[in-house]
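Below is one structure; the comments refer to it alone.
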2 protein chains.
Amino acid sequence: MGLRERKKERTRAELQRHALRLFRDQGYAATTVDDIAAAADVSRSTFFRYFPTKEDVVLLDDVDPVMERVAAELPVGTPLIEAVRIIVRDAFGSLDDEARALEEVRMDLARTIPEIAAILRERNSFGVEQIAGMVSRGIGRPADDPEVLLFAGVVVGARYAALARVHAGRTTSYLDELDAMLSRLVTGIPLADEPIRAPRPDPARSPA
Amino acid sequence: MGLRERKKERTRAELQRHALRLFRDQGYAATTVDDIAAAADVSRSTFFRYFPTKEDVVLLDDVDPVMERVAAELPVGTPLIEAVRIIVRDAFGSLDDEARALEEVRMDLARTIPEIAAILRERNSFGVEQIAGMVSRGIGRPADDPEVLLFAGVVVGARYAALARVHAGRTTSYLDELDAMLSRLVTGIPLADEPIRAPRPDPARSPA
DNA sequence: ATTCTTTTGACACTGAGTCTCACTTGAGGC
DNA sequence: GCCTCAAGTGAGACTCAGTGTCAAAAGAAT
């Protein structure tokens, strides 16, 4: 790996490091791309050469290729829902220390700054189509099959639920929470048969 | 309802009508807010007084209050997953002709212009927290309860699956598709126990 | 007709994102 | 070591979304 590559990697890391620090210190909206570039001692143009948008500096996505690799190593016959659990856990678990540390910072920011939580919720990693593609390959059904899409949607939903827990400050580990959510799904959809009670007035609208 | 109110409503409708028309004709990114304002014969400022962002002109949200009303009228004891199905169907079903027509246009745009599909997927109506709030009221559990959030996440996931079908051009009616997705959920998560097959090379990466 | 309030348009400003062009700097052949 | 080429960088101009202010216009109320 030549000097050029190393320098590039260093610049990218510097930009991300300073960006996250600034976001933490002075908030997301209050931090301009100029601020970040200045802190990392590069020009504004350079920032956009490394990250297509300001939001992207929060994201990472070293995870996707790892997920593919883990998926390819699963024993044939594993039930789909179990496979998802294993893939998620192993893929995140196999991140190196640096990536893992970055992940921690990112989740902490998500808990602290609502704007970042929104970015992660909307943009992070996997969408329905992406998961549907993996499922499609895993069980040999078309990727636009309704059941394949619905399964993928449920997985994405579990992710959102985990992120909501993080956002509510009810957990410190997004990964553990996601794993717990997926575990619950193994026994079906929770509360599906729960009977609804007599309707009561929306507490948000009733007098305090 | 005074002249003032009527005029306001007309302006809002005009802005939305022209915006959707322009988006359809020349694309979302290529249409500036100035274009929309000019077409509707108002100033740029006025546009932003009616819609906080350019994206918002695609959205509607006459639906939320209706959902609340439908929810309040459900018989006590209805299973939660059934309740969701009924609420969604009745709430959308009770839209007036104009709102329904707008919904059609919006879904058509979503199928045609990927950018609009993304906006709908990310911003439209209900997020996990919002649904969790309704569920919380319906069954009397805290809104940040893991199972409540997971259930809400699953519902959102079903929505995404339906939107993915629309996006793939496999259906013309988003509503019917969503209803079908929720029906499937009544019998549990589809494909959950489906065994995965021997891994095969990613077709996207294999030679054509 | 008069006041009062809401809506509106004109304008200025910030910041994200795009583009171009000239420059520097690492890589590799000689 | 030198030269050449390509990759990476910086400066700056430009577009457009979104915010804020302020004064003029138009509907409502008396």
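So you know, we letter chains A, B, ... as the sequences are listed, proteins then strands, and number each from 1.
Between A:Lys54 and the phosphate of C:dG15, there is no side-chain N or O to OP1/OP2 separation shorter than 4.0 Å.
Each of D:dA17, C:dG9, D:dT9 was ranked by its minimum atom distance to the side chain of A:Tyr50; first place goes to D:dT9. Side-chain atoms of B:Ser45 lie closest to C:dG9 of the nucleotides C:dA16, C:dG9, D:dT9. Nearest to the side chain of A:Val33, among C:dA16, D:dT9, C:dG9, sits C:dA16. The side chain of B:Lys8 has C:dT7 as its nearest neighbour among C:dT7, C:dG9, C:dG26.
Judged by distance alone with a 3.5 Å cut-off, a donor-acceptor contact links the side chain of A:Arg4 to the base of D:dA7. Below the 3.5 angstrom threshold, one finds a donor paired with an acceptor across the side chain of A:Arg44 and the base of C:dG17.
Only one option out of A:Arg111, A:Arg159, A:Arg165 pairs with A:Tyr174 in a side chain to side chain donor-acceptor pair (under 3.5 Å); it is A:Arg159.
Rounded to an integer number of Å, the gap from CG of A:Asp41 to P of D:dT9 is 12 Å. Rounded to a whole Å, the CD atom of A:Glu5 is 11 Å from the C1' atom of C:dA27. The CZ atom of B:Arg6 sits 16 Å away from the C1' atom of C:dT6 (whole-angstrom rounding). One interatomic measurement links the two molecules: CZ of A:Arg10 to P of D:dG8, which rounds to 15 Å at whole-angstrom precision. When the C1' atom of C:dA16 is taken as reference, atom CD of A:Glu55 falls 11 Å away, rounded to whole Å. Spacing between atom NZ of A:Lys7 and atom C1' of C:dG26 amounts to 8 Å, rounded to whole angstrom units. What separates CD1 of B:Ile36 from C1' of D:dG18 is a distance of 13 Å, to the nearest Å. Distance, B:Phe47 CZ to C:dT7 P: 17 Å, rounded to whole Å.
Salt-bridge formation is detected for the pair B:Glu68/B:Arg137: a Lys NZ or Arg NE/NH1/NH2 atom is positioned less than 4.0 Å from an Asp or Glu carboxylate oxygen.
Nucleotides of DNA chain C nearest to A:Thr32 and A:Arg49 differ in position, and the one nearer the 5' end is that of A:Thr32. Nucleotides of DNA chain D nearest to A:Ser43 and B:Phe48 differ in position, and the one nearer the 5' end is that of A:Ser43.
Checking side-chain atoms of B:Arg184 against main-chain N and O of B:Ile189 turns up no donor-acceptor pair under 3.5 Å. Listed for the B:Ser136 side chain is a donor-acceptor partner under 3.5 Å among the backbone atoms of B:Arg141.
Enclosure of atom CG in B:Asp25 by more than 12 non-hydrogen atoms of other residues, nucleotides or ligands within 6.0 angstrom is indicated.
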